[in-house]
Amino acid sequence: MDCSDWINLASAIGTVGATLVALYLALKGNMRHVDGTFIWEATTEYQPTLLVQNTSTRIIVIDSIEIKYRGKKLGIIRTSDDKELAKYAIIEAGQIKTIPINILHLDIQELPNRKKSHCLKVIIKLRNGHRHTSRQKYSYDELLGLVFGQRLFTKD
């Protein structure tokens, strides 16, 4: 193999690489992506609320919302099973929806170190199978205060 064969081979590899990058960039805008932010404060009557933004150019459909603390599943909400949340399942491109989450009946086990922060995860699963996770750190005492705060506003 002489020098011109190496140049032709490198040129062919570069062409294939450039084509793959261009294809990826062209299709990247079509991918579905959702960002979720979990808020839980007195202004929402301690009602945990998930702000969900569709940052893609296509409609997304939420299949389920799963809540975990310290890696243990606290609850799962399926939008097809919950008539109240079904209206939040479809999010247009660029739209933001606030999804209220009722977690009064979750069993949060007491921890020996109540001051150490652990991750509270909200996992949003789309109908196409993609998952997107929102994470926030709360200590057991903080989480207990939020749950207690929400119970103060319930109408039981």
Side-chain angles (χ1 to χ4, degrees), residues 1-41 43-44 46-109 111 113 115-140 142-143 146-147 150:
M1 248 181 149
D2 62 355
C3 186
S4 65
D5 291 337
W6 285 107
I7 292 172
N8 288 336
L9 180 63
S11 175
I13 292 173
T15 302
V16 170
T19 303
L20 291 175
V21 168
L23 183 60
Y24 170 76
L25 291 174
L27 294 177
K28 183 180 176 185
N30 267 346
M31 292 180 185
R32 292 179 174 96
H33 187 73
V34 60
D35 286 332
T37 303
F38 195 57
I39 59 171
W40 196 348
E41 54 192 31
T43 57
T44 61
Y46 288 96
Q47 173 74 38
T49 304
L50 186 63
L51 296 176
V52 180
Q53 180 178 11
N54 181 357
T55 57
S56 67
T57 58
R58 299 173 71 185
I59 293 174
I60 61 168
V61 180
I62 296 175
D63 182 50
S64 64
I65 300 169
E66 185 177 343
I67 302 167
K68 290 183 175 185
Y69 184 64
R70 293 184 57 229
K72 296 179 181 158
K73 189 187 307 184
L74 298 181
I76 188 165
I77 302 161
R78 299 198 189 288
T79 56
S80 57
D81 296 342
D82 192 329
K83 289 182 174 62
E84 181 66 27
L85 291 178
K87 62 185 172 188
Y88 301 105
I90 299 173
I91 304 177
E92 299 283 335
Q95 188 178 25
I96 299 174
K97 285 203 177 180
T98 56
I99 302 174
I101 299 173
N102 185 359
I103 62 169
L104 286 176
H105 306 293
L106 298 180
D107 183 25
I108 302 170
Q109 299 173 357
L111 303 173
N113 185 354
K115 301 288 184 209
K116 183 177 179 187
S117 292
H118 296 282
C119 198
L120 178 73
K121 290 182 185 178
V122 178
I123 303 164
I124 303 167
K125 184 178 178 191
L126 303 180
R127 284 275 160 90
N128 64 2
H130 293 276
R131 297 171 155 234
H132 304 277
T133 305
S134 170
R135 294 177 178 88
Q136 287 168 309
K137 290 205 168 216
Y138 292 105
S139 69
Y140 176 77
E142 290 170 331
L143 194 59
L146 293 171
V147 171
Q150 186 183 6

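These numbers come from the heavy atoms of this one structure, side chains and all, not from hydrogens, waters or symmetry mates. Position 1 is the first residue of the sequence, and the numbers go up from there. Every value quoted in this text rests on a predicted model; they were computed, and no experiment measured them.
Remark: side-chain polar atoms of Asn54 are paired, donor with acceptor, to backbone N or O of Glu92 under 3.5 angstrom. Looking only at distances, no side-chain donor or acceptor of Lys125 sits under 3.5 Å from a matching main-chain atom of Arg78. For Ser11 (side chain) and Ile7 (main-chain N/O), no donor-acceptor pair under 3.5 Å exists by modelled atom type. Side chain of Thr79 to main chain of Asp63: a donor-acceptor pair is present (N/O by atom type, distance under 3.5 Å, no hydrogens or angles).
Across all non-hydrogen atoms, the minimal contact from Lys73 to Lys68 is CA-CG, 3.9 Å.
Ile60 CD1 to Gln53 CD: the interatomic distance, rounded to the nearest 0.5 Å, is 9.5 Å. Of the inter-residue distances, the one linking Lys121 atom NZ with Lys72 atom NZ reads 13.5 Å to the nearest 0.5 angstrom. Going from atom NZ of Lys97 over to atom CD of Gln95 covers 5.0 Å, rounded to the nearest 0.5 Å. To the nearest 0.5 Å, atoms NE2 (His118) and OG (Ser139) are separated by 8.5 Å.
Between Ile13 and Leu9, some side-chain heavy-atom pair lies under the 4.5 Å cut-off. Ile62 places a side-chain heavy atom less than 4.5 Å from the side chain of Leu126.
Other residues, nucleotides and ligands place more than 12 heavy atoms under 6.0 Å from the CZ atom of Arg127.
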